[in-house]
Amino acid sequence: MAEVSQDSAPKKGKGKRAKKLPTRIDFTPMVDLGFLLITFFMLATSLIKPQTMEIVMPSDKNVAEEDKSVAKASQAVTLILGKNNSVFYYFGKSEGAKLIKTDYSAEGLRKILLEKNYNVAKQVEDLKAEKSKIKMNEDVYQKKLEEIKANKNAAMVRIMATDDATYRNLVDALDEMNICSINRYAVVDLDDENKSLLNSYKQ
Amino acid sequence: MPKVKIKRKSTWIDMTAMCDVAFLLLTFFMLTSNFTKKEPVLVMAPPSVSEIKIPERDIMTILVDKSGHVFFGIDGQANRLMLIEQMASQYKITLTQEEKNKYCVLDLVGNPMSGMKSFLRLPPENRDLAQNNLGIPTDSTNNQLKDWVQAARMINPMARIAIKADQDTPYPKIKAVMKTLQQLDENRYNLITKLEENPQN
């Protein structure tokens with residue numbers, strides 16, 4: 001293969017020619033070089049692009065009164081991210097609410113949110129099953145998903161982080177929103193009411 | 001007894017095929033690669049199930065390390081040149097063309113504007129060490145991050161904002177960054193995370 005034969009031309013005439021040796025090229029150094037470069041590119045590149053999570057924060061400018069979405073007490077969930085990976089939650093209004101402590105595991109926060117958002121989560125799951133069964137167009141799927149998530153009776157979550165929480169806690173909480181198909185959530189500041197609730201829990 | 005002589009065959013292996021394979025792989029890696037950007041500090045992004053990929057262009061990155069130091073950078077060398085010129089004139093610092101060019105090759109910079117000139121004069125290998133404990137100030141009295149984002153927004157109105165923070169960063173540090181963005185009416189941004197298996201799939 002690596003021989004370049006030079007006597008392929010049909011010999012004509014009687015002229016005597018010096019017999020030419022086939023030119024054989026040693027490819028070993030070239031292979032060495034090739035693999036060296038491969039190694040370099042493999043080490044220097046990142047094949048996996050980082051993932052991102054999109055987040056929309058509430059504007060701090062004055063929002064017109066009709067744009068404010070008012071949550072029914074029955075839909076509202078408040079999460080308070082505490083220290084040492086703990087999270088406190090309560091349903092409904094903050095007056096007279098009792099905090100319950102849980103964690104970020106599948107058995108903790110996710111279970112609670114899924115129960116609260118059962119109808120929507122169920123519909124989303126059905127939609128996913130339907131999508132895998134029949135080949136559903138991605139656009140149609142996204143549209144249906146939006147419709148389901150825009151359900152007026154879906155859970156509404158306020159996420160409040162204390163100063164003891166870490167960034168990971170926040171991302172975990174936002175992640176649970178994704179997993180539990182909760183479309184309406186907001187990261188808000190910890191107000192005095194909830195602060196006192198948290199203090200009363202500790203005592 | 002006469003010895004049986006085994007004629008030794010030459011061990012010439014044809015390397016052509018192997019060479020082909022090596023260069024095929026090389027071509028693949030060269031075409032698919034995007035180089036890992038060098039970050040001034042090591043940051044462990046938290047895991048999430050989100051599968052949205054980050055765009056490569058039109059992006060401004062805010063990096064927050066474990067202790068809350070903030071770094072900022074935008075893509076595109078031409079954009080960076082405009083950015084540093086804008087910032088220098090805003091903070092009344094005179095930078096030479098050489099110093100501006102030095103800024104253009106840096107992905108992320110986390111240095112207060114007051115120390116920017118001496119920072120850019122440092123040899124490249126000393127830079128990371130010099131800014132590790134500084135970061136861009138985000139306090140309410142001296143919010144330089146706000147100016148950086150504002151200037152970058154003017155230069156590239158299409159750019160998305162991506163926040164990459166360490167998973168152990170305390171929340172108040174993140175809150176300072178988020179509040180800054182909120183003041184600028186930048187309410188839509190991306191948080192960079194690592195991929196985690198979605199428990200529902």
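It should be emphasised that the depicted structure is a prediction, and the values quoted were computed from it without experimental measurement. Every chain is numbered from 1 and lettered A, B, ... according to where its sequence line falls, protein lines coming before strand lines.
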Exercise for review: Run the salt-bridge test on B/D65 and B/K173 with the 4.0 Å N-O cut-off and return the result as yes or no.
Suggested key: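 Looking at B/K173 together with B/D65, the answer is no, because their closest N to O distance does not fall below 4.0 Å.
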With a 4.5 angstrom heavy-atom cut-off, is it the side chain or the backbone of [X] that approaches chain B, or both, or neither?
X	result
A/N169	neither
A/T39	neither
A/L170	side chain
A/N178	side chain
A/L174	side chain

Check your understanding: Who pairs with A/Y90 by side-chain hydrogen bond (donor to acceptor under 3.5 Å, both in side chains), at least two apart in sequence or on another chain?
Key ->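 Counting only residues at least two positions away or on another chain, A/Y90 forms a side-chain hydrogen bond (donor to acceptor under 3.5 Å, both in side chains) with A/R158, A/N194.
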Review point. Do B/Y171 and A/D164 pass the side chain to side chain donor-acceptor pair (under 3.5 Å) test, and can you show the C-alpha distance, the side-chain angles, and the key distance before you say yes or no?
Key: CA-CA 7 Å; B/Y171 181 70; A/D164 299 321; over 6 Å; no
Practice item. Decide side chain to side chain donor-acceptor pair (under 3.5 Å) for B/T16 and B/D14; before the verdict, give the C-alpha distance in whole Å, the side-chain angles of both, and the deciding distance to 0.1 Å. Key: CA-CA 6 Å; B/T16 327; B/D14 189 4; 2.5 Å; yes
Point to revise | Top contributor to chain A interface from B/A162, B/P170, B/P46 [non-hydrogen pairs under 4.5 Å] | key: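 Top count of heavy-atom pairs under 4.5 Å with chain A: B/P46.
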Review point. Under 3.5 Å, is there a donor-acceptor pair linking the side chains of B/Q90 and B/D147?
Key: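 B/D147 and B/Q90 do have a side-chain donor-acceptor pair below 3.5 Å.
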Exercise for review: Give me the contact list for residues 92-105 of chain B versus chain A, heavy atoms only, anything under 4.5 Å, ordered by residue number.
Suggested key: none
Exercise for review: Can you tell which part of B/I174 gets under 4.5 Å to a heavy atom of chain A, answering side chain, backbone, both or neither?
Suggested key: side chain
Check your understanding: Can you say whether B/M178 sits under 4.5 Å from chain A via the side chain, the backbone, both, or neither, judging by heavy atoms?
Key ->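 Only the side chain of B/M178 comes within 4.5 Å of chain A.
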Practice item. Could you walk me through whether B/N143 and B/T138 pass the side chain to side chain donor-acceptor pair (under 3.5 Å) test, one step at a time? Key: CA-CA 4 Å; B/N143 198 337; B/T138 51; 5.8 Å; no
Review point. Which value, rounded to the nearest 0.5 Å, describes the distance between A/K101 atom NZ and A/Y89 atom OH?
Key: 13.0 Å
Point to revise | Residues which pass ring pair (Phe, Tyr, Trp, His ring centres under 6.0 Å) with A/Y185, listed by chain and number, not counting sequence neighbours | key: none
Check your understanding: Residues two or more places apart in sequence or in another chain: which of them pass salt bridge (charged side-chain N to carboxylate O under 4.0 Å, His left out) with A/D172?
Key -> A/R168
Check your understanding: Do B/T169 and A/T166 come within less than 4.5 Å of each other through their side chains, counting heavy atoms only?
Key -> no
